[in-house]
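Letters A, B, ... mirror the listed sequences (proteins, then strands); counts begin at 1. These numbers were taken from a predicted model, which means no experiment stands behind them. These values consider heavy atoms only, across backbone and side chains, with no hydrogens, waters or symmetry-generated copies.
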There are 2 protein chains.
Amino acid sequence: MSDTRAALVAAAIDTLRESGFATASARRIAQRAGCNQALVFYHFGSVTDLLVAALEEVSAQRMDAYRCLLDRTGTLTELIDSAREVFEADLEAGHVTVLTEMISGAQSVPGLGPRVAACLAPWREFAREAVRGVLAASPVARLVPADEAAHAVVAGLLGLEMLASLDGDQAAALALFDRARALGDILDRIRPLAALLDLGGAARANTREDS
Amino acid sequence: MSDTRAALVAAAIDTLRESGFATASARRIAQRAGCNQALVFYHFGSVTDLLVAALEEVSAQRMDAYRCLLDRTGTLTELIDSAREVFEADLEAGHVTVLTEMISGAQSVPGLGPRVAACLAPWREFAREAVRGVLAASPVARLVPADEAAHAVVAGLLGLEMLASLDGDQAAALALFDRARALGDILDRIRPLAALLDLGGAARANTREDS
DNA sequence: GTCTATACTTGGATAGAC
DNA sequence: GTCTATCCAAGTATAGAC
């Protein structure tokens, strides 16, 4: 890939993160990339196409980091710990901001929505796999289908990111991870008792389905 | 309040909802309101000020609807039912879209962030009150502080709205409310058993604090 | 209060020199 | 591939007629 191409993509990411979708013009991005405005159209055809390329780049980067984590997630507690680690880094680096800016910006550009959705698909698929892995070993598997739980997780991360960027403070978001971790521990401690409740029937039924 | 003023606010709300922050210009909004572009500046001073007025209007409208619901929420199940009802209406009418567009748009306009945050404050305060009311009668009160739970609820709603607008489908969001309702029922059934677990200690300790 | 007209700025996009 | 130059559309904002 060309050198300026990469510079433009990087500048587009920075612009989306720091100034948002509404100011992400060819001129501003090119200035940040240290090159001419016309190169945006030469390399990408349009500003929108450059922004999509930027989102794809962020997506690809994050997927690499995420997959490394999926290997070391057995229990719910472990998953939450890993998720917190990744999310904190993403929050700090502004990766999720790029995503939320593109999602809301998609309302303003006809045809952009499906393209953004396509970039988000791997994130959602990853969340589904991670959640499925944890639920398989948990008695709540039948209470909360993996698809729904994954949707809730992705929505929660997007919402936490928006509030963090609005407040200029990510402490509230990180505190929720710590809380989730504590609840995960309790769920682990409850598990042996599940058989005493009617929850046990659901859990066993689910185990049979899996085999 | 002047007639055109109201028309401009209404047009701004519609524009934010249907075309997003990036296209919400004085010309477009004025055209939608059926009046001249210059009136935006005469009545509001700037486009940004008009958009803030639009968000304030939506906020005020929703607060009225929300407070009517707070009266009839005793149990967790009732709260979730009410929340689903309101959220479904908001999703349909696009009230939350206006909010998410303004939050992400705030990245693009210096000084807009705090003003949007001020509009969001009543929503967050309301969520805090609603959550507090339910948690007071629940054994999980000490496990999840009301402030944190409310933050999670607001973040969740924002995220669900973004995904719904991206997918053009709010079924996944509504399904999560149904799931939350089912989990709420289970929590109610678990409550009598809480005293048998170490959760009971926390719940009783909390009850003492309240008295 | 509302309109027209206008000044000024920024942005998307292309043509053509190098 | 990269730049300059340019066209045109759209935006913010103001002045002034009505």
Side-chain angles (χ1 to χ4, degrees), chain A residues 1-55 57 101-102 104-113 115-116, chain B residues 1-55 57 101-102 104-113 115-116:
Chain A
M1 180 161 79
S2 150
D3 205 36
T4 25
R5 244 190 98 95
L8 282 171
V9 168
I13 292 173
D14 291 346
T15 304
L16 280 172
R17 188 185 58 221
E18 291 174 21
S19 312
F21 183 90
T23 69
S25 68
R27 285 179 152 86
R28 273 177 83 111
I29 296 172
Q31 185 181 14
R32 185 153 207 158
C35 72
N36 192 274
Q37 162 256 155
L39 291 179
V40 168
F41 304 95
Y42 173 79
H43 282 290
F44 298 93
S46 72
V47 175
T48 299
D49 288 350
L50 168 56
L51 295 180
V52 170
L55 179 57
E57 171 66 21
E101 286 295 325
M102 287 298 286
S104 56
Q107 298 285 322
S108 301
V109 180
L112 181 53
R115 301 177 69 185
V116 173
Chain B
M1 181 164 77
S2 151
D3 205 35
T4 25
R5 243 190 98 94
L8 282 171
V9 168
I13 292 172
D14 291 346
T15 305
L16 280 172
R17 189 185 57 222
E18 291 175 21
S19 313
F21 182 91
T23 69
S25 67
R27 285 180 150 85
R28 273 178 84 112
I29 295 172
Q31 186 182 15
R32 185 154 207 158
C35 72
N36 192 275
Q37 163 257 154
L39 291 180
V40 168
F41 303 95
Y42 173 79
H43 282 289
F44 298 92
S46 72
V47 176
T48 299
D49 288 350
L50 167 56
L51 295 180
V52 170
L55 180 56
E57 169 69 18
E101 286 294 326
M102 287 298 286
S104 56
Q107 297 286 323
S108 302
V109 179
L112 181 53
R115 302 177 69 185
V116 174

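Straight-line distance from the CD1 atom of Ile29(A) to the C1' atom of dA13(C): 15 Å, rounded to whole Å. Look at CZ on Phe21(A): it is 14 Å from P on dG11(C), rounded to the nearest Å. When rounded to the nearest whole Å, the span between CG of Leu51(A) and C1' of dG11(C) equals 13 Å. One interatomic measurement links the two molecules: CG of Asn36(A) to C1' of dA15(C), which rounds to 13 Å at whole-angstrom precision. As a whole-Å value, the separation of Gln37(B) CD from dA7(C) P is 15 Å. Atom CG of Leu50(B) is separated from atom P of dA13(D) by 11 Å (rounded to the nearest Å). Put simply, OH on Tyr42(A) is 19 Å from C1' on dG12(C), counting in whole angstrom units.
Nearest-nucleotide positions on DNA chain C for His43(B) and Thr23(A) put His43(B) closer to the 5' end. Heavy-atom distances to DNA chain D give each of Leu39(A) and Arg27(A) a nearest nucleotide, and the one nearer the 5′ end belongs to Leu39(A).
Here Thr4(A) reaches the OP1 or OP2 of dT2(D): one of its side-chain N or O atoms lies under 4.0 Å away. At dT10(C), none of the side-chain N or O atoms of Ser25(A) fall inside 4.0 Å of OP1 or OP2 (strictly under the cut-off).
With 3.5 Å as the limit, one finds no donor-acceptor pair spanning the side chains of Thr48(A) and Ser46(A).
Side-chain contact check for Leu16(A) versus Leu55(A): every heavy-atom pair is 4.5 Å or farther apart.
Other residues, nucleotides and ligands contribute at most 12 non-hydrogen atoms within 6.0 Å of the CD atom of Gln31(A).
Nucleic acid contact class of Ala38(A) (heavy atoms, under 4.0 Å, all strands): base. Backbone-only contact: Val47(B) has heavy atoms under 4.0 Å from sugar-phosphate atoms and none from a base.
Judged purely by atom type and a 3.5 angstrom limit, Ser19(B) has no side-chain atom pairing as donor or acceptor with the backbone of Ser108(A).
Of the candidates dG12(C), dC3(D), dT2(D), the closest approach to any side-chain atom of Phe41(A) belongs to dG12(C).
Between the side chain of Arg28(A) and the base of dG11(C), no donor-acceptor pair of N or O atoms lies under 3.5 Å.
Annotation for Asp49(A) and Arg115(A): closest pair OD1-NH1, 2.9 Å, computed over non-hydrogen atoms.
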